[in-house]
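The structure appears right after this line, and notes come after that.
Residue numbers begin at 1 in each chain, while the letters A, B, ... track the order of the sequences. Only a predicted model underlies this, so the values are computations on that prediction, with no experimental measurement involved.
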Amino acid sequence: MTSNSLPESIPRLRFAPSPTGYLHVGGARTALFNWLFARHYRGTLVLRIEDTDVERSTAEMVEGILVGLRWLGIDWDEGPYFQSQRMDLYREAAQRLVESGHAYYCFCTREESEQRRAQAQAEGGDPQYDRKCRAIPPEQAKARRDAGEAAAIRFAVPESGGTFFDDAVFGRVEFANSELEDFVLLRSDGGPTYHLSVVVDDIDMHMTHILRGADHLSNTPKQVMLYQALGAPLPVFAHVPLILGPDKTRLSKRHGATSVIAYKEEGIVPEAFRNFLALLGWTPPDSSQELMDDRAMIDLFDLSGIAKSNAIFDRGKLDWFNTEYIRACPAVQLLPLIEEEWKKVDLIPFQTSRDAMAATVDLVKPRARNLKDFATLFRAYFSDSFDVDPVAVQKFLKDNAVREMLVDLASHYEQETEFSEASTEKVLREFAAHKNVKAGLLINAARVALTGQGVAPSLFAVMANLGQERTVARLKNATNL
RNA sequence: GGCGCUAUCGUCUAGGGGUUAGGACGGAAGAUUCUCAAUCUUCAAACCCGGGUUCGAUUCCCGGUAGCGCUACCA
């Protein structure tokens, strides 16, 4: 292990996912909190991959996590470190614990101990490991080891007393030691278990704050014992309540998307997702402040704002954040994301300049719910090949006389030398008066012909944006819808 | 089962010994009439239950209940 030479004033945090192939929502929120905390206090954020379970760890599994973090916009200062490359460290630590009497060799096979566990439980007894091997004298254990007998290393939990820690969000949490079994530190194959590798790494990497999901709350006393046995100071523990599905059970695939990438694919803007996630379990000092950019979240983030109770993932609220972000975001910033959506549907916009694209994005974005809308609902604003919503036709364009009036109107527009929002409106209203129909009738009908949709921005703004040529062509096409 | 944690509108939450219990999302109604998934206005909607402490508990304490978590040679 390296020696601790870092000033205490610089917080060191870590996000330590296991390589599950994708970044799930809960992990993303944990990562975000760590990131917000680290940035707020100008600390260091370390990424560490907990891949001690070799069977479940592949490069692709790791990549999935990184992809999720990158999309979310969470960066880190150190790492990624891989626990699989630090095995010696864990073995050494386990060895030291045996030597100091804090741990012992256990020769029970997994099957044996499981069998005895099951039996004890069946007899209504304690299902904990029966500590059989704890009684083996150290010299004898060593002899058996030297003879090549396979053994795990178990931590020797004190048989009485209690272990406590002061959690930054939950306060003091205390456990009776009798509740804790002699847990395995090092498997008989020489690989560390989670408890050993986390605390060895957290000590070695000088972590000052452990911000993680509350599912680790009950595990923490074991880790506290390890810190103590290893002679290391305790970091600040801060456990964060879990995110649940709408049915109040743990968020899982049953609830739909659990990978953050699924939200990218649904057209969610990363900033909006971050904002939404941050407010799941955290509230800024002014609780009425919900829409926040990264700067505001970083400035305001603090452990004191973290809730104790679990939160339910509310998709509706996420969509609201998303619409708010799209609306507030300048079109030029949105454009790269929108272009990705266009690519997916092979849409090549007819606009000849980015300024023109941006202007059109600005026109339609108040009605956008997600990025996909720009390639689907709003397709007609960027492409001449677009679908016409049959419901809209039914509602506004079912009358043949109206369709013909649109064609008639088109020829009026064709002759205009000016083609602005004001002039197009003037022409249409005068035309309607002539025909003795309500302007609204024509406006709604023209909307469908121009955009394929029953919902759109102000019609004349749409006309001005589309330009004279396209407006005329689409109106003339009204009889074919 | 044991242990731990939690409990305010449907959801995210604020608050806190005396409040009309606040905000946001969602919902409902209305306005606008050039559509609405835009905008504006209005409304409905909560302190889990039972004891205790107290002049007074939603708030503090205890118990219950419920939910979640942990209880692996997974992380």
Closest-nucleotide ordering on RNA chain B, the 5'-leading residue of A:Arg429 and A:Ser113
A:Arg429
Let me know, please, whether A:His195 or A:Lys395 comes out on the 5' side of the other along RNA chain B by nearest nucleotide.
A:Lys395
Tell me what [X] touches on the nucleic acid: a base, only sugar-phosphate, or nothing, going by heavy atoms under 4.0 Å.
X: A:Pro221; value: nothing
X: A:Phe460; value: base
X: A:Thr193; value: sugar-phosphate
X: A:Gly281; value: sugar-phosphate
X: A:His216; value: base
X: A:Ser309; value: sugar-phosphate
X: A:Thr52; value: sugar-phosphate
X: A:Pro192; value: sugar-phosphate
X: A:Leu242; value: sugar-phosphate
X: A:Gln453; value: nothing
X: A:Cys106; value: nothing
X: A:Ala456; value: base

Give me the distances for all protein-to-nucleotides 1-5 of chain B N/O pairs that come in under 3.5 Å?
from, atom 1, to, atom 2, distance (Å)
B:G2, O2', A:Glu179, OE1, 3.2
B:C3, O4', A:Glu179, OE1, 3.4

For A:Arg110 and B:C74, is the shortest distance between a side-chain N/O and OP1 or OP2 below 4.0 Å?
yes
Any side-chain N or O of A:Thr323 less than 4.0 Å from the OP1 or OP2 oxygen of B:A37?
no
Closest approach of A:Leu32 to A:Ala278 (non-hydrogen atoms, all atoms of both residues):
CD2-N, 3.5 Å
Heavy-atom closest pair, residues A:Leu69 and A:Ala31:
CD2-CB, 3.9 Å
Could you give me the CA-CA distance, side-chain angles and deciding distance for A:Tyr325 and A:Asn275, then say whether side chain to side chain donor-acceptor pair (under 3.5 Å) is met?
CA-CA 10 Å; A:Tyr325 266 86; A:Asn275 195 163; 2.9 Å; yes
Enumerate the residues from [range] whose closest heavy atom to RNA chain B is under 4.0 Å, giving them by residue number; use none for an empty result.
range: residues 147-154 of chain A; answer: A:Ala152, A:Arg154
range: residues 156-169 of chain A; answer: none
range: residues 16-33 of chain A; answer: A:Ser18

Under a 3.5 Å cut-off for both distances, is [N] Watson-Crick or wobble paired, and to whom?
N: B:G1; answer: B:U71
N: B:G17; answer: none
N: B:U59; answer: none
N: B:A45; answer: none
N: B:G10; answer: B:C25
N: B:A31; answer: B:U39

According to the interplanar angle, ranging from 0 to 90°, do the rings of A:His24 and A:Tyr22 count as parallel (below 30°), tilted (30 to 60°) or perpendicular (above 60°)?
perpendicular
Check the orientation of A:Tyr413 and A:Phe419. Use parallel for under 30°, tilted for 30 to 60°, and perpendicular for over 60°.
perpendicular
Protein and nucleotides 40-43 of chain B: nitrogen or oxygen contacts under 3.5 angstrom:
none

Polar pairs (N or O, both sides) under 3.5 Å between protein and nucleotides 59-64 of chain B?
none

Within 45° of the axis and under 6.0 Å from the centre of the six-membered ring of A:Tyr105, does NZ or CZ of A:Arg144 qualify?
no
Can a cation-pi geometry be assigned to A:Arg134 and A:Tyr104, taking NZ or CZ under 6.0 Å from the six-membered ring centre and within 45° of the ring axis?
no
[X] [atom1] - [N] [atom2] separation (whole Å):
X: A:Glu114; N: B:C74; atom1: CD; atom2: C1'; result: 12 Å
X: A:Leu244; N: B:G69; atom1: CG; atom2: P; result: 7 Å
X: A:Leu291; N: B:C25; atom1: CG; atom2: C1'; result: 11 Å

Ion pair present between [X] and [Y], side-chain N to carboxylate O less than 4.0 angstrom?
X: A:Asp201; Y: A:Arg48; answer: yes
X: A:Lys426; Y: A:Glu430; answer: yes
X: A:Glu181; Y: A:Lys222; answer: no
X: A:Asp319; Y: A:Arg315; answer: yes

Would you be so kind as to tabulate the donor-acceptor pairs closer than 3.5 Å made by side chains of residues 234-251 of chain A, with sequence neighbours excluded?
from, atom 1, to, atom 2, distance (Å)
A:His239, ND1, A:Asp167, OD2, 2.5
A:His239, NE2, A:Arg212, NH1, 3.2
A:His239, NE2, A:Thr220, OG1, 3.2
A:Asp247, OD1, A:Thr249, N, 3.2
A:Asp247, OD1, A:Thr249, OG1, 2.8
A:Asp247, OD1, A:His255, NE2, 2.6
A:Asp247, OD2, A:Thr249, OG1, 3.3
A:Asp247, OD2, A:Arg254, NH1, 3.4
A:Asp247, OD2, A:His255, NE2, 3.3
A:Thr249, OG1, A:Arg254, NH2, 3.1
A:Thr249, OG1, A:His255, NE2, 3.4
A:Arg250, NH2, A:Asp215, OD2, 3.0

Nearest-Å distance once atom [atom1] is located in both [N] and [M]:
N: B:C12; M: B:G26; atom1: P; answer: 15 Å
N: B:A44; M: B:A28; atom1: P; answer: 16 Å
N: B:G27; M: B:C5; atom1: P; answer: 38 Å

Do A:Phe33 and A:Trp282 make the cut of ring centroids closer than 6.0 angstrom?
no
By nearest atom, which of the nucleotides B:C25, B:G69, B:C34 is closest to the A:Arg250 side chain?
B:G69
Taking only nitrogen or oxygen atoms into account, show me every contact under 3.5 Å that the protein makes with nucleotides 20-23 of chain B, one pair per line with its distance.
none

So which pairs with a foot in residues 169-189 of chain A pass ring-ring contact (aromatic ring centres under 6.0 Å, His included), sequence neighbours left out?
A:Phe155-A:Phe183, A:Phe183-A:His195
Under the salt bridge (charged side-chain N to carboxylate O under 4.0 Å, His left out) rule, collect the residues that match up with A:Glu174, sequence neighbours excluded.
none
Give me each pair satisfying side-chain hydrogen bond (donor to acceptor under 3.5 Å, both in side chains) with a member in residues 365-378 of chain A, each pair once, sequence neighbours excluded.
A:Asp362-A:Lys365
Under the side-chain contact (heavy atoms from CB on, under 4.5 Å) rule, collect the residues that match up with A:Ala296, sequence neighbours excluded.
A:Gln289, A:Met292, A:Asp293
